[in-house]
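Labels below follow one simple rule: chain letters A, B, ... track the order of the sequence lines, proteins then strands, and each chain is numbered from 1.
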Amino acid sequence: MRERILAAINAIPHGQVLGYGEVAARAGLPGRARLVARLLANNDEPQLPWHRVLRSDGRIALPEGSSGWHEQTQRLRAEGVVVENGRVKKPAPPRDLDAAVWGPG
DNA sequence: AATTTGACCCGTC
DNA sequence: AGACGGGCCAAAT
């Protein structure tokens, strides 16, 4: 299942972000958000786009001021994501409502 | 083995 | 927006 979660995180498109819960759900593990967090805390894959994973509030999960916090903030900004005061604005919502309902197509 | 801890989430107030 | 309680599960004490 670990690979499942890693795959879900790897599946996050550039410039888009996802919540732990959503990642867990996409990985087939609804309610196991903490498990995702655990994996990231023990992330072995250096290329893993962990910076695209946020809290459901759109806030960065790491404590503000910590190196990881800066890391995630910078990486997100590098992808065009607007980060302010440790929180992400508009957590990459679908542009079209139809697309959200009917899927990306 | 019991309790605490941790990159969390949801409903409710 | 923020605070509370309940759920979830594996590692660390």
Trainee: Students often get this wrong, so: under 4.0 angstrom with heavy atoms, is A/Trp69 touching a base, only sugar-phosphate, or nothing?
Mentor: nothing
Trainee: Once rounded to the nearest 0.5 Å, what's the spacing between atom CG of A/Leu76 and atom CD of A/Glu71?
Mentor: 10.5 Å
Trainee: Any side-chain to backbone donor/acceptor pair from A/Arg77 onto A/Val83? Under 3.5 Å, distance only.
Mentor: yes
Trainee: Mind calculating the distance between CG (A/Leu40) and C1' (B/dA7) to the nearest angstrom?
Mentor: 6 Å
Trainee: Taking CG from A/Leu18 and C1' from B/dC9, how many angstroms apart are they, rounded to a whole number?
Mentor: 14 Å
Trainee: What is the distance, rounded to the nearest whole Å, between atom CD of A/Glu22 and atom P of B/dC8?
Mentor: 16 Å
Trainee: Rounding to a whole Å, what distance do you find between A/Tyr20:OH and B/dC10:P?
Mentor: 14 Å
Trainee: Take the protein atom CG of A/Asn85 and the nucleotide atom C1' of C/dG2, then report the distance between them rounded to whole Å.
Mentor: 14 Å
Trainee: Kindly point out which of C/dG2, B/dA7, B/dC9 is positioned nearest to the side chain of A/Gln72?
Mentor: B/dA7
Trainee: Please tell me if the side chains of A/His51 and A/Val17 come closer than 4.5 Å, counting only heavy atoms from C-beta onward.
Mentor: no
Trainee: Take A/Arg59 and A/Arg32, find for each the nucleotide of DNA chain C with the closest heavy atom, and name the residue whose nucleotide sits nearer the 5' end.
Mentor: A/Arg59
Trainee: If the C1' atom of C/dG5 is compared with that of B/dA7, how far apart are they to the nearest Å?
Mentor: 22 Å
Trainee: Rounded to the Å, how far apart are A/Leu29 CG and C/dC9 C1'?
Mentor: 11 Å
Trainee: Rounded to whole Å, please give me the gap between CG in A/Leu62 and C1' in B/dC8.
Mentor: 12 Å
Trainee: Below 3.5 Å is the cut-off: list the nitrogen or oxygen pairs between protein and nucleotides 11-13 of chain C, distance only.
Mentor:
none

Trainee: Given C/dA10, C/dG2, B/dC8, which nucleotide is nearest the side-chain atoms of A/Ala37?
Mentor: B/dC8
Trainee: B/dC9, C/dA1, B/dA7: which one has an atom nearest the side-chain heavy atoms of A/Arg87?
Mentor: C/dA1
Trainee: Which heavy-atom pair separates A/Val53 from A/Gln72 by the least distance, and what is that distance?
Mentor: O-NE2, 2.8 Å
Trainee: Would you indicate whether the side-chain heavy atoms of A/Trp50 and A/Leu39 approach each other to under 4.5 Å?
Mentor: no
Trainee: Measuring only between side-chain heavy atoms, which start at C-beta, is A/Leu18 closer than 4.5 Å to A/Ile9?
Mentor: no
Trainee: Nearest to the side chain of A/Leu35 - C/dA1, B/dA7, C/dA10?
Mentor: C/dA10
Trainee: Provide, to the nearest angstrom, the distance between the CG atom belonging to A/Asp57 and the P atom belonging to B/dC8.
Mentor: 10 Å
Trainee: Quick test of your reading: applying salt bridge (charged side-chain N to carboxylate O under 4.0 Å, His left out), list the pairs with at least one residue in residues 40-53 of chain A, sequence neighbours left out, ordered by first then second residue.
Mentor: A/Arg52-A/Glu79
